[in-house]
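Here is the structure we will look at, set down as structure tokens.
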Amino acid sequence: MTVTLADVAARAQVSPATVSRVLNGNYPVAAATRERVLKAVDELDYVLNGPASALAAATSDLVGILVNDIADPFFGIMASAIQSEIGGPGGRAGGERLAVVCNTGGSPERELTYLTLLQRQRAAAVVLTGGAVEDAPHKAAVAAKLRKLEAAGTRVVLCGRPPAPDTGAIALTFDNRGGGRELTEHLIGLGHRRLGYIAGPEERTTTRHRLEGHRAALAAHGIEEDPRWTVHGRYDRRSGYEATLELLRRDPTLTAVVAANDSVALGACAALRDSGRRIPDDVSVAGFDDLPFSIDAVPALTTVRLPLAEAGARAGRIAMGREEPPPGGIATVRGELMVRGSSGAPRA
């Protein structure tokens, strides 16, 4: 059954003229009213007019790239690599495609809003980067959006994100558990038995998977984890600094600190230096991701290298139809342990 302008007006409890003004954008409308109208449009899957309806299954030259924080090199590297693969001819009539980077700021609501906007623009492709939010209602809402995008002919690729079953999305997922385990096993192999862990935000899949890998390594070597040894925080330097001071307050005898990512690890190094500890003589430090600055830290940072640029480029090619999706629509991207000067054997 075709949805009409009147149906949208009834759902939003406004006049058809108000709906028209909101959709055409040529007349000022109160923000609350505008949101009600756009919500009704989304819920009813309303298409603007007859000719637009005929084109509903077609796509535009727009490609959306969703990131958590474009200022974070983790996301910036992937976004840049994705964009490099979607530039050049390939759009309608042989023209260029337009890449739009959507910065969610870590907000689940913004993520859904961007997906809705990209659906309305009939984006040719959408690439979602980084971990997902561990919230059942949000997960269901995102899955519903992805199904709508796929049904409209939009290619959806998840890069560094867990699979989204039954959505048609292609997933290039990072092996965060495996990398987390290998990193901690390296420190245990050096002789460390008292390891502090600075985890990311509790609601993120990346946080849970890396922490699970760390704990699996401890369990495999018979090391009982002390609840005091884990602190959660943001994925940034300041969080690493504050969390390290808290870990040292809880247990001054820690001989190693494992950080959720390299930015957090830099903060940990600064806190250790300010506390009079030498790296790695007194406390070893390890990060994750192998961001560009990691090798230039003093000492250079032991970390797990994720092939961010390579994964991003592959996601871009798949999104543009220039590379076949992996078998089953899912590929696991593994990291590589990079052993550098920030880790060493604990003092006897």
Q) Do Val67 and Phe174 share a hydrophobic cluster (ILVMFWY, side-chain heavy atoms under 4.5 Å, transitive)? A) yes
Q) Could you give the distance from CZ (Arg194) to CG (Leu254), rounded to the nearest 0.5 Å? A) 6.5 Å
Q) Salt bridge check: are Arg347 and Asp281 linked by an N-O gap of less than 4.0 Å? A) no
**Q.** Spatial distance of atom CG (Leu128) from atom SG (Cys159) [nearest 0.5 Å]
**A.** 10.0 Å
Q. So with a 6.0 Å cut-off around CG of Asp166, is the heavy-atom count from everything else above 12?
A. no
Q: Compare all side-chain heavy atoms of Leu247 with those of Arg228 and state whether any distance is below 4.5 angstrom.
A: no
Q: Check the pair Leu195, Val257 against side-chain contact (heavy atoms from CB on, under 4.5 Å), reporting the backbone distance first and the verdict last.
A: CA-CA 6 Å; Leu195 299 89; Val257 172; over 6 Å; no
**Q.** Residue pair Leu291 / Phe74, side-chain heavy-atom distance below 4.5 Å
**A.** yes
Q) Does Ala271 offer a backbone N or O that forms a donor-acceptor pair with the side chain of Ser275 under 3.5 Å? A) yes
Q: Kindly give the heavy-atom pair with the smallest separation between Asn103 and Ile70, and that separation in Å.
A: OD1-N, 2.6 Å
Q. Just by modelled atom types, is the Thr302 backbone N or O under 3.5 Å from a matching donor or acceptor in the Ser342 side chain?
A. yes
Q) Is there side-chain contact between Ile86 and Leu98, with heavy atoms separated by less than 4.5 Å? A) no
(Q) If I take atom CZ from residue Arg210 and atom OG1 from residue Thr205, how far apart are they, to the nearest 0.5 angstrom? (A) 9.5 Å
Q: Flag the pair Arg234 and Glu203 as a salt bridge only when some basic side-chain nitrogen lies within less than 4.0 angstrom of an acidic carboxylate oxygen.
A: no
(Q) Are His214 and Leu211 packed together at the side-chain level, in the sense that at least one heavy-atom pair is separated by less than 4.5 angstrom? (A) yes
Q) So how far is it from Asp69 CG to Thr104 OG1, rounded to the nearest 0.5 Å? A) 8.5 Å
Q) Do His232 and Thr207 get their side chains close enough for a donor-acceptor pair, meaning under 3.5 Å? A) no
Q: Say whether Thr113 and Thr116, considering side chains only, have a donor N or O and an acceptor N or O under 3.5 Å apart.
A: no
Q) For Arg314, which residues count as a salt bridge (Lys or Arg N to Asp or Glu O under 4.0 Å) partner, sequence neighbours excluded? A) Glu323
(Q) Using side-chain contact (heavy atoms from CB on, under 4.5 Å), reason through Lys139 and Val133 one step at a time and then give a plain yes or no. (A) CA-CA 7 Å; Lys139 183 178 179 180; Val133 174; over 6 Å; no
Q: Begin with the C-alpha distance, continue with both residues' side-chain angles, and end with the deciding distance and a verdict on side-chain contact (heavy atoms from CB on, under 4.5 Å) for Val63 and Met320.
A: CA-CA 9 Å; Val63 177; Met320 292 298 95; 3.5 Å; yes
Q) With a 4.5 Å limit on heavy-atom distance, are the side chains of Ile279 and Ser284 in contact? A) no
**Q.** Gap between atom CG of Leu218 and atom CH2 of Trp229 - 0.5 Å precision
**A.** 7.5 Å
Q) Between Arg181 and Glu185, is there a salt bridge with N-O shorter than 4.0 Å? A) yes
Q. Is a side-chain donor-acceptor pair under 3.5 Å present for Thr154 with Gln119?
A. no
Q: Could you pull out all residues at least two apart from Arg208 that satisfy salt bridge (Lys or Arg N to Asp or Glu O under 4.0 Å)?
A: Glu134, Glu212
Q | Side chains of Thr167 and Arg147, donor plus acceptor under 3.5 Å | A | no
Q: To the nearest 0.5 angstrom, please state how far the CZ atom of Phe288 sits from the OG1 atom of Thr206.
A: 9.0 Å
Q) Is there a donor-acceptor pair under 3.5 Å between the side chain of Ser60 and the backbone N or O of Gln121? A) yes
(Q) Is there a continuous path of hydrophobic side-chain contacts, each under 4.5 Å between heavy atoms, that joins Ile77 to Ile295? (A) no
(Q) Membership question, hydrophobic clusters at under 4.5 Å side-chain separation (ILVMFWY): are Leu306 and Leu337 in the same one? (A) yes
Q: Could you tell me whether Arg238 and Asp236 make a salt bridge, using a distance below 4.0 angstrom between a side-chain N and a carboxylate O?
A: no
**Q.** Any Arg11 side-chain heavy atom under 4.5 Å of Val37 side chain
**A.** no
Q: Show your working on salt bridge (Lys or Arg N to Asp or Glu O under 4.0 Å) between Arg250 and Glu246 and close with a plain yes or no.
A: CA-CA 6 Å; Arg250 294 181 183 184; Glu246 175 61 18; 2.9 Å; yes
Q | Connected via hydrophobic side-chain network under 4.5 Å: Leu5 and Leu38 | A | yes
Q.
Count I, L, V, M, F, W, Y as connected when their side-chain heavy atoms are under 4.5 Å apart, and connections chain through other members. Are Leu66 and Leu117 then in the same cluster?
A. yes
Q. With a 4.5 Å limit on heavy-atom distance, are the side chains of Leu115 and Val142 in contact?
A. yes
Q | Side-chain heavy atoms of Glu336 within contact of Val304, under 4.5 Å | A | no
(Q) Please evaluate residues Val285 and Leu301 with respect to the criterion side-chain contact (heavy atoms from CB on, under 4.5 Å), reporting the C-alpha separation (whole Å), side-chain torsions for both, the decisive distance (0.1 Å), and the verdict. (A) CA-CA 7 Å; Val285 177; Leu301 195 61; 4.1 Å; yes
Q | Minimal non-hydrogen separation, Pro307 against Val333, with atom names | A | CG-CG1, 3.4 Å
Q: Take Arg305 and Glu310 through the test salt bridge (Lys or Arg N to Asp or Glu O under 4.0 Å) and record every step on the way to the result.
A: CA-CA 12 Å; Arg305 180 186 182 273; Glu310 295 88 337; 3.0 Å; yes
Q: Determine whether the side chains of Thr332 and Asp175 contain a donor N or O and an acceptor N or O closer than 3.5 Å.
A: no
**Q.** salt bridge (Lys or Arg N to Asp or Glu O under 4.0 Å) assessment of Asp61 paired with Arg122
**A.** CA-CA 9 Å; Asp61 291 333; Arg122 302 195 307 278; over 6 Å; no
**Q.** Donor-acceptor contact below 3.5 Å, side chain Ser20 vs main chain Pro16
**A.** no
Q. For the side chain of His192 and the backbone of Thr255, is there at least one donor-acceptor N/O pair under 3.5 Å apart?
A. yes
Q. Salt-bridged, Asp290 to Arg340, with N to O below 4.0 Å?
A. yes
(Q) Pair Glu111, Arg161 - check salt bridge (Lys or Arg N to Asp or Glu O under 4.0 Å), show working. (A) CA-CA 14 Å; Glu111 182 175 66; Arg161 192 179 180 109; 3.0 Å; yes
